[in-house]
Amino acid sequence: MADVHAAERAAGRAKGAGAPVSAPRRGGRNLRTRLVEVAFLAPAVAYLLLFFGYPVVKNIVMGFQAYTTSTFYTGEAPWVGLDNYTAVLSSAVFDRALLNTVLFTAGSIVGQFVLGLAIAVFFRRRFPLSGFLRSLILLPWLIPMIAATAVWRWILDTDNGVLNRLLTLLPFVEVRPDWLTSTTLALVAVIGVNIWLGIPFNMTILYGGLQEIPDELYEAGALDGATGWRAFRHITWPMLRPVVTVVLVLGVVYTLKVLDVILGLTNGGPANSTQTIATLSYAVSFRQFDFGQGAALGNILVLLSLAFAVVYLRMNRRAVDE
Amino acid sequence: MSTTTKPAASTAPGGQRARARQPRRLGHTVIGVAIIAFMLFPLYWMLNVSLQPAGGAVATPWLPFDFTLDGYATAIREQGGNLVTSLLVGLGSVVFSLLIATPAAYAMAQFELRWATPVLFGILVTQMVPGIVVANALYSAYSDLGMLNTIGGLILADSAAGVPFSILVMRAFMGGIPRSIVEAAYVDGAGHVRAFVSVVLPMARNALITAGLFTFLFAWGDFLFALTLTTTEDVRPVTLSLYTYVGSFVNDWSPIMATAVLSSLPAIALLLVAQRYVATGVTGGAVKS
């Protein structure tokens, strides 16, 4: 994974010339010192294994088992081979959930990235209050997601929501769209709210990347007539590329597993129109109590996420090499 | 307040010609305010609704002229206990996460351990694991161990966000501590533990604060584990109660929005009081991973 290299580079930069500190007695790295060193790392590794490693393995196993409520009483989860996967993949909801997952992820990422980048580029200028305003933009991202979805539910309310009240103030607008209760609009509304939630993160990281681009490049570019859009295309965008990779990969990986936003706004409804693989996995496990099928859906989600990361990073590496 | 986080502050394009551009720069401020107003409007609306008198689900006035704190009184009466639960879970998660992440970050940054790179890789991979996968497996494990509906169980599960994040942030910082300073402690006869406690920890204070603040926000804002790992109302974080509150065919939004405002207070306080740590956290946790 290229992220590791990026992290190493970043760490190396921060460290300067500093190589890792050697053990207290150079050459004489005795057993006790080594044990102490391992003890520094062991609790965290144990935690990560228990709360990430174990669940991943357990889900793979559960995916092959009939794991239902009766399992909790009898302790028995018979092996069923690929039954969970066939059941899940052939269900009518799955196709819809897969499509929704792709649309939700693509729509959210494009919106968050474009708006986040535009705002980041804007805030690169210095003007009175710029730093203060830039920090305020983080608020939507820092508050609990469920609190944000609660207020959005009221904003998007068909009859009394503030969005529709603003819309009807416009000339020629007579309709009051059912943002969260129409099967065609609900996904659009959910994507819109998720874009709003993601702008702060995208903007902040991209702003950090912009700050690292030396001004000499822009000064030299300006001499050659590259200003405005051309400066962005030929200087900003190529220089920003590593940060863009990080933002997009993290963005997609995080968006694929989003649950709070959708549950908070629509619970996956109406009529599964906002159901994604993540919310479907939740519903199957914790509402229908079929943990085997829920695990199968979770595993499919992990595979999607993994496939995206590998394909994107490989494509990106090739593009950089060329 | 923001200048601390911007090393390149004075070198923005056109900085030298600034004086001639005063009106244009004020124009930028106006646009900037407009962007922020647009982004923060939902939060204003949250506050506005929370201050309105109870009056059924009618169109909310634009400004809270009929200012009342009734919504907050109801919210604290009904949700006070849940806010305390969230607070305990958040603080517990901070203590637990820092306790195990700080030494690990130091070990990965400064020791010559063969394990450091695989562990780092593992931490990055954890970011790809969906919360629902973790919850799905933890539910049965917690059920067997009697950890459903316990504060301790939630603290452990909610730290799943804080521990990897804290390791990444603190590792990046501790890698920057000059080798000579730690070696001086070794020359004075200190072992790893003493060098860590008396030299590294004080130097890493800011990184610890950043990691701790974000870990608190992660645990405080967690919804998925609250939803899946509690089954009764005994232990109910405010995020879950807010969700059930909204779901229960409401006709009075002001106590709900008051609860939402109360649940947002830690984030607002953090942004006002500890803004420089926030900037470090956002960029440190993501770009450097």
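Keep in mind the model is a prediction, meaning the values are calculated, not measured.
- With a 4.5 Å cut-off on non-hydrogen atoms, Val33(B) touches chain A through its backbone and its side chain both.
- Within the 4.5 angstrom heavy-atom criterion, atoms from both the backbone and the side chain of Ile268(B) approach chain A.
- For a residue to count as touching a neighbouring chain, one of its non-hydrogen atoms must lie under 4.5 Å from one of that chain's; by this rule Tyr282(A) touches chain B with backbone and side chain alike.
- In terms of non-hydrogen atom pairs under 4.5 Å with chain B, the most contact-rich of Val45(A), Leu129(A), Leu49(A), Ile199(A) is Ile199(A).
- Contacts with chain B were tallied for Gly298(A), Gly75(A), Gly294(A), Ala147(A); Ala147(A) has the most, counting heavy-atom pairs under 4.5 Å.
- Counting heavy-atom pairs under 4.5 Å between each of Pro144(A), Ala222(A), Ala148(A) and chain B puts Pro144(A) at the top.
- The minimum heavy-atom distance linking Ile177(B) with Gln110(B) is given by the pair O-NE2, 3.3 Å.
- Both the backbone and the side chain of Trp196(A) have a heavy atom closer than 4.5 Å to some heavy atom of chain B.
- The cationic group of Arg165(A) lies under 6.0 Å from the six-membered ring centre of Trp62(B) and within 45° of the ring axis, placing it in a cation-pi geometry.
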| request: Step by step, work out the side-chain contact (heavy atoms from CB on, under 4.5 Å) result for Thr117(B) and Met108(B). | output: CA-CA 8 Å; Thr117(B) 310; Met108(B) 290 173 67; over 6 Å; no
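- Of the two parts of Phe286(A), only the side chain, counted from C-beta on, holds a non-hydrogen atom closer than 4.5 Å to a non-hydrogen atom of chain B.
- Both the backbone and the side chain of Phe51(A) have a heavy atom closer than 4.5 Å to some heavy atom of chain B.
- With ring centers used as reference points, Phe96(B) lies under 6.0 Å from Tyr47(A).
- Highest contact tally toward chain A, considering only Leu224(B), Leu227(B), Ile256(B), Val193(B), is held by Leu227(B) [criterion: heavy-atom pairs under 4.5 Å].
- Comparing Ile119(A), Asp260(A), Val56(A) by how many heavy-atom pairs each has under 4.5 Å with chain B, the most go to Asp260(A).
- Taking chain B as the reference chain and counting heavy-atom pairs below 4.5 Å, the highest number among Leu301(A), Val247(A), Val162(A) is found for Val162(A).
- Checked by atom type, the side-chain pair Tyr218(A)/Thr227(A) shows no donor-acceptor distance below 3.5 Å.
- Annotation: maximal heavy-atom pairing with chain A below 4.5 Å, among Ala160(B), Ala195(B), Ala101(B), occurs at Ala160(B).
- For the set Val119(B), Thr126(B), Ile167(B), the entry with the most heavy-atom pairs within less than 4.5 Å of chain A is Thr126(B).
- Using a 4.5 Å cut-off between heavy atoms, Leu133(A) touches chain B through backbone and side chain atoms alike.
- Heavy-atom pairs under 4.5 Å with chain A peak, among Gly189(B), Ala185(B), Ser159(B), Ala260(B), at Ser159(B).
- Between chain A and the options Ser140(B), Gly131(B), Ser143(B), heavy-atom pairs under 4.5 Å are most frequent for Ser140(B).
- Listed here is the closest heavy atom pair of Ser50(B) and Leu47(B): OG-O, 2.7 Å.
- Across Leu270(B), Leu99(B), Leu265(B), Thr228(B), the residue that shares the most heavy-atom pairs under 4.5 angstrom with chain A is Thr228(B).
- Aromatic rings of Phe289(A) and Tyr139(B) (six-membered ring for Trp) have centroids beyond the 6.0 Å cut-off, not under it.
- Here Thr71(A) contributes atom OG1 and Met62(A) contributes atom CE; the two are 8.0 Å apart, rounded to the nearest 0.5 Å.
- Heavy atoms of Phe218(B) lying under 4.5 Å from chain A are absent altogether.
- Residue contact with chain B, scored on non-hydrogen atoms closer than 4.5 Å, is absent for Leu210(A).
- Looking at Val134(B), both its backbone and its side chain come within 4.5 Å of chain A, counting heavy atoms on both sides.
- Tyr67(A) and Gln293(A) share no donor-acceptor pair across their side chains, judged by distance under 3.5 Å alone.
- Side-chain contact check for His192(B) and Tyr186(B): at least one donor-acceptor pair (N or O, by modelled atom type) lies under 3.5 Å.
- A donor-acceptor contact closer than 3.5 angstrom links the side chains of Tyr243(B) and Asn267(A).
- The residue among Leu41(A), Ile143(A), Asn59(A), Val253(A) with the most heavy atom pairs within less than 4.5 Å of chain B is Asn59(A).
- Contact detail for Ala278(A) and Leu259(A): the closest heavy-atom pair is O-CD1, 3.3 Å.
- Looking at Leu48(A), only its side chain comes within 4.5 Å of chain B, counting heavy atoms on both sides.
- With a 6.0 Å cutoff to the six-membered ring centre and a 45° limit on the axis angle, Arg124(A) does not count as a cation-pi contact of Tyr207(A).
- Of the atoms belonging to Leu263(A), heavy atoms from both backbone and side chain fall under 4.5 Å from chain B.
- For the atom pair OG of Ser264(B) and CE of Met46(B), the computed distance is 4.5 Å after rounding to the nearest 0.5 Å.
- For Leu139(A), the parts lying under 4.5 angstrom from a heavy atom of chain B are both the backbone and the side chain.
- Residue Asp159(A) does not touch chain B at all, counting heavy-atom pairs closer than 4.5 Å.
- Of all non-hydrogen atoms in Phe52(A) and Pro164(B), the two that sit nearest each other are CE1-CG, 4.0 Å.
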